[in-house]
Amino acid sequence: MLTPTAPAPSVPEGALTDGIYEVGVDIEAGTYRTDGPDRSTLLPNCYYERARDASGTLDAVIANKNMNGPGIVTVEDGEIVRFSGACAWMKS
């Protein structure tokens with residue numbers, strides 16, 4: 001795993017939280033869903049980014065999104081995915 005963080009105690013078991021993951025290595029390819037951000041946080045927001053590689057360049061970004069409600073993202077083997085915000089992402 002590239003940069004995982006420990007889940008908060010209220011996060012469901014098996015959920016992905018803030019971190020950068022390599023699809024096919026750290027997490028399975030597929031569709032992930034979130035119910036949205038934890039409303040008790042200062043800035044309730046969810047963010048995901050799908051990238052071709054871990055270079056961090058804008059050219060590598062396939063898609064990204066900020067949201068303050070439920071969300072869904074589908075990731076494929078070989079991609080790098082970053083989750084941040086007060087969200088728990090579960091594989092569908």
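Quick caveat: nothing in here was measured; it's all calculated off a predicted structure.
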With a cut-off of 3.5 Å and sequence neighbours excluded, list every side-chain donor-acceptor pair involving residues 62-72.
{"residue": "Asn64", "atom": "ND2", "partner": "Tyr47", "partner atom": "OH", "Å": "3.1"}
{"residue": "Asn66", "atom": "OD1", "partner": "Asn45", "partner atom": "ND2", "Å": "3.1"}

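Enclosure of atom CG in Asp35 is not indicated, since only 12 or fewer non-hydrogen atoms of other residues, nucleotides or ligands lie within 6.0 angstrom. Residue Arg52 places its CZ atom among more than 12 non-hydrogen atoms of other residues, nucleotides or ligands, all under 6.0 Å distant.
A donor-acceptor contact shorter than 3.5 Å is absent between the side chain of Arg50 and the backbone of Arg82.
For the pair Leu16 and Ile27, the minimum side-chain heavy-atom distance is below 4.5 Å. Within the 4.5 Å cutoff, the side chain of Thr34 has no heavy atoms near those of the Met90 side chain. Inter-residue side-chain proximity for Ile80 and Tyr21 is flagged as unmet; no heavy-atom pair is nearer than 4.5 Å.
Applying the side-chain hydrogen bond (donor to acceptor under 3.5 Å, both in side chains) criterion to Thr74, with sequence neighbours excluded, gives Thr31. For the salt bridge (charged side-chain N to carboxylate O under 4.0 Å, His left out) test, no residue two or more places apart in sequence or in another chain qualifies with Glu76.
Under the disulfide (SG to SG under 2.5 Å) criterion, the residue pairs touching residues 25-92 are Cys46-Cys87, with sequence neighbours excluded. Applying the ring-ring contact (aromatic ring centres under 6.0 Å, His included) rule to pairs touching residues 49-76 yields nothing, sequence neighbours excluded. Pairs engaging residues 55-88 under the ring-ring contact (aromatic ring centres under 6.0 Å, His included) rule: Phe83-Trp89 [sequence neighbours left out].
Of the N and O atoms on the side chains of Thr57 and Asp59, not one donor lies less than 3.5 Å from an acceptor on the other residue.
Val73 and Val23 end up in the same hydrophobic cluster when Ile, Leu, Val, Met, Phe, Trp and Tyr side chains are linked at under 4.5 Å.
Between Lys91 and Glu28, at least one side-chain N (NZ, or NE/NH1/NH2) sits under 4.0 Å from a carboxylate O, which counts as a salt bridge.
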